[in-house]
Amino acid sequence: MNITKTKTGNSLQIALEGRLDTTTAPELEKTLSAEINGVQELVIDMAALDYLSSAGLRVLLGAQKTMNKQGSMKVVHVNETIMEIFEVTGFADILTIE
């Protein structure tokens, strides 16, 4: 998985490419914990994400909980397959998806 970070002021955009699974979720978690302090707006771009596992959902949930305390988080460019995972797991009700 490739992670591209773009930080502008108190806004952070993270673009994900490839598979967010048990192998790659710790990498995203590490990136988020290193970058998220002081961020008021977190945008996770999933345009190039092919697969999302429960390990990836756990990392997204952790990021959402952190951002609830310090700002907002939204997930953008979600494809049909990933959206279906969000809907089945109830994450569509937890996350702001655009």
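What you are looking at is a predicted structure, and each value in this text was computed from that prediction instead of being measured. The figures that follow rest on heavy atoms only: side chains count, while hydrogens, waters and symmetry mates do not.
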### Query
Do the side chains of K5 and T31 get nearer than 4.5 Å, heavy atoms only?
yes
### Query
Can you tell me how far CD of Q40 sits from CG of N10, rounded to the nearest 0.5 angstrom?
4.0 Å
### Summary
dist M1:CE -> E27:CD (nearest 0.5 Å) comes out at 5.0 Å
### Query
Counting only heavy atoms not in E84, do more than 12 fall under 6.0 Å of its CD?
no
### Task
Kindly indicate whether the side chain of F86, heavy atoms from C-beta on, has any atom under 4.5 Å from the side chain of L57.
yes
## Note on the structure
Exactly one of L28, V75, D45, I82 clears side-chain contact (heavy atoms from CB on, under 4.5 Å) with L16, and that residue is L28
### Task
With rounding to the nearest 0.5 Å, note down the distance linking CD in E87 to CD in E80.
9.5 Å
### Query
Say you draw a straight line from OG of S53 to CG of L20; how long is it, rounded to the nearest 0.5 Å?
6.0 Å
### Query
Is there a side-chain contact between L61 and F91, using heavy atoms and a 4.5 Å cut-off?
yes
### Task
Report the distance from atom CD1 of I36 to atom CD of Q70, rounding to the nearest 0.5 Å.
5.5 Å
### Task
For K30, look at atom NZ and say whether over 12 heavy atoms of other residues, nucleotides or ligands are found less than 6.0 Å away.
no
### Query
Would you call E41 and M73 a side-chain contact if the rule is heavy atoms closer than 4.5 Å?
no
### Query
Any donor-acceptor pair under 3.5 Å linking the side chain of E35 with the backbone of T6?
no
### Task
Please step through side-chain contact (heavy atoms from CB on, under 4.5 Å) for the pair T4 and E17, ending with a clear verdict.
CA-CA 8 Å; T4 308; E17 181 183 345; 5.8 Å; no
### Name of the residue among T96, L32, V39 meeting side-chain contact (heavy atoms from CB on, under 4.5 Å) with M67
V39
### Task
Show your reasoning for whether side-chain contact (heavy atoms from CB on, under 4.5 Å) applies to Q64 and I94.
CA-CA 8 Å; Q64 181 66 64; I94 297 168; 4.3 Å; yes
### Query
Are any non-hydrogen side-chain atoms of I14 and I3 less than 4.5 angstrom apart?
yes
### Query
Distance from I85 atom CD1 to L52 atom CG, nearest 0.5 Å?
5.0 Å
### Query
Does the T24 side chain pair with the main chain of R19, one donor and one acceptor, at a distance under 3.5 Å?
yes
### Message
Is it the case that the side chain of N79 and the backbone of L49 share a donor-acceptor pair, with hydrogens and angles ignored and the cut-off at 3.5 Å?
### Response
yes
### Task
Please report the closest heavy-atom contact between M83 and A92, naming both atoms and the distance.
CE-CB, 4.2 Å
## Note on the structure
Scanning both residues in full, the closest heavy-atom pair of K7 with N37 reads NZ-O, 4.1 Å
### Message
Restricting to non-hydrogen atoms, name the atom on G56 and the atom on A25 that form the minimum distance, rounded to 0.1 Å.
### Response
N-CB, 4.1 Å
### Task
Look only at the side chain of T66 and the backbone of G62, and say whether a donor-acceptor pair between them is shorter than 3.5 Å.
yes
